[in-house]
Amino acid sequence: NAGVTQTPKFRVLKTGQSMTLLCAQDMNHEYMYWYRQDPGMGLRLIHYSVGEGTTAKGEVPDGYNVSRLKKQNFLLGLESAAPSQTSVYFCASSYTSGANTGELFFGEGSRLTVL
Amino acid sequence: AQSVTQLDSHVSVSEGTPVLLRCNYSSSYSPSLFWYVQHPNKGLQLLLKYTSAATLVKGINGFEAEFKKSETSFHLTKPSAHMSDAAEYFCVVSDQSTGFQKLVFGTGTRLLVSP
């Protein structure tokens with residue numbers, strides 16, 4: 001039972017390069033989320049999706065794009081990476097949207113360094 | 001606006017002694033409160049959640065937390081620490097009427113357990 005799988009787990013980029021992080025979940029969840037985790041700041045929501053073909057902005061969306069072409073996959077793209085995007089990125093999914101009725105399931109994270 | 005404050009960035013205990021991780025919250029509405037645990041190089045996992053039912057909430061691995069509205073606190077406790085409890089712990093708040101996209105994460109408390 002894989003749960004939420006993120007690829008790649010590590011990546012080093014140069015400023016201005018582009019890349020895509022892939023998140024895949026095998027739990028048939030409708031809702032998927034991308035967070036970034038920075039030291040001393042907790043997790044912040046970048047983008048999220050409430051279903052296949054839909055995406056929405058979270059707290060810190062600038063510099064990122066997302067796509068949800070298939071229910072099980074949620075892609076996070078960086079078109080022109082900047083050092084400020086050095087972070088650990090977490091994907092999560094949930095069956096319901098309500099925080100009081102559901103649970104978030106997280107991937108193991110993708111550590112991105114932008115030089 | 002909602003917020004959480006985790007009062008300690010690091011807590012050190014000896015194996016077999018009690019654990020107390022402190023969390024204060026601010027919320028304009030009836031909150032839902034959560035504790036998540038993150039073991040090294042792993043994603044976050046839900047420990048327990050409060051959603052306006054019983055104020056004393058029991059979670060996995062012997063952890064529990066008590067919702068105290070008068071003190072706006074949701075401290076996490078465990079009677080006896082185990083080496084495997086060493087991890088980072090996040091207190092999280094949301095408004096009961098909103099979804100996961102409105103979660104607010106604390107900055108985390110790293111629990112160190114010594115033999």
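Just so we're on the same page: letters track the sequence lines, and every chain starts at 1.
Hydrophobic clustering of Ile, Leu, Val, Met, Phe, Trp and Tyr side chains at less than 4.5 Å, counting indirect connections, unites B:Phe67 with B:Val19. Cluster annotation: B:Val11 and B:Leu48 are assigned to the same hydrophobic cluster (Ile/Leu/Val/Met/Phe/Trp/Tyr, side-chain heavy-atom contacts under 4.5 Å, transitive). By the criterion of side-chain heavy atoms lying less than 4.5 angstrom apart, applied directly or through intervening Ile, Leu, Val, Met, Phe, Trp or Tyr residues, A:Tyr64 is not grouped with A:Tyr48; the two fall into different hydrophobic clusters. Cluster membership for A:Leu115 and A:Tyr89, using ILVMFWY side-chain heavy atoms within less than 4.5 angstrom, is not shared.
A distance of 10.0 Å separates CD of A:Glu103 from CZ of B:Phe34, quoted to the nearest 0.5 Å. Taking NZ from B:Lys42 and CZ from A:Phe106, the interatomic distance works out to 15.5 Å, rounded to the nearest 0.5 Å. Separating the CZ atom in B:Phe90 from the CD atom in A:Gln37 is a distance of 4.5 Å, to the nearest 0.5 Å.
For A:Gln6, no part lies under 4.5 angstrom from a heavy atom of chain B. Contacts between B:Gln38 and chain A at a heavy-atom distance below 4.5 Å involve the side chain alone, from C-beta outward.
In the displayed structure, A:Gln17 atom CD is contacted under 6.0 Å by more than 12 heavy atoms of other residues, nucleotides or ligands. Environment of CZ in A:Arg44: crowded, with over 12 heavy atoms of neighbouring residues, nucleotides or ligands closer than 6.0 Å.
When every heavy atom of B:Leu103 is checked against every heavy atom of A:Tyr35, the shortest pair comes out as CD1-OH, 4.1 Å.
Two residues are said to be in side-chain contact when any heavy atoms from C-beta on lie closer than 4.5 Å; B:Val92 and A:Leu43 fail this criterion.
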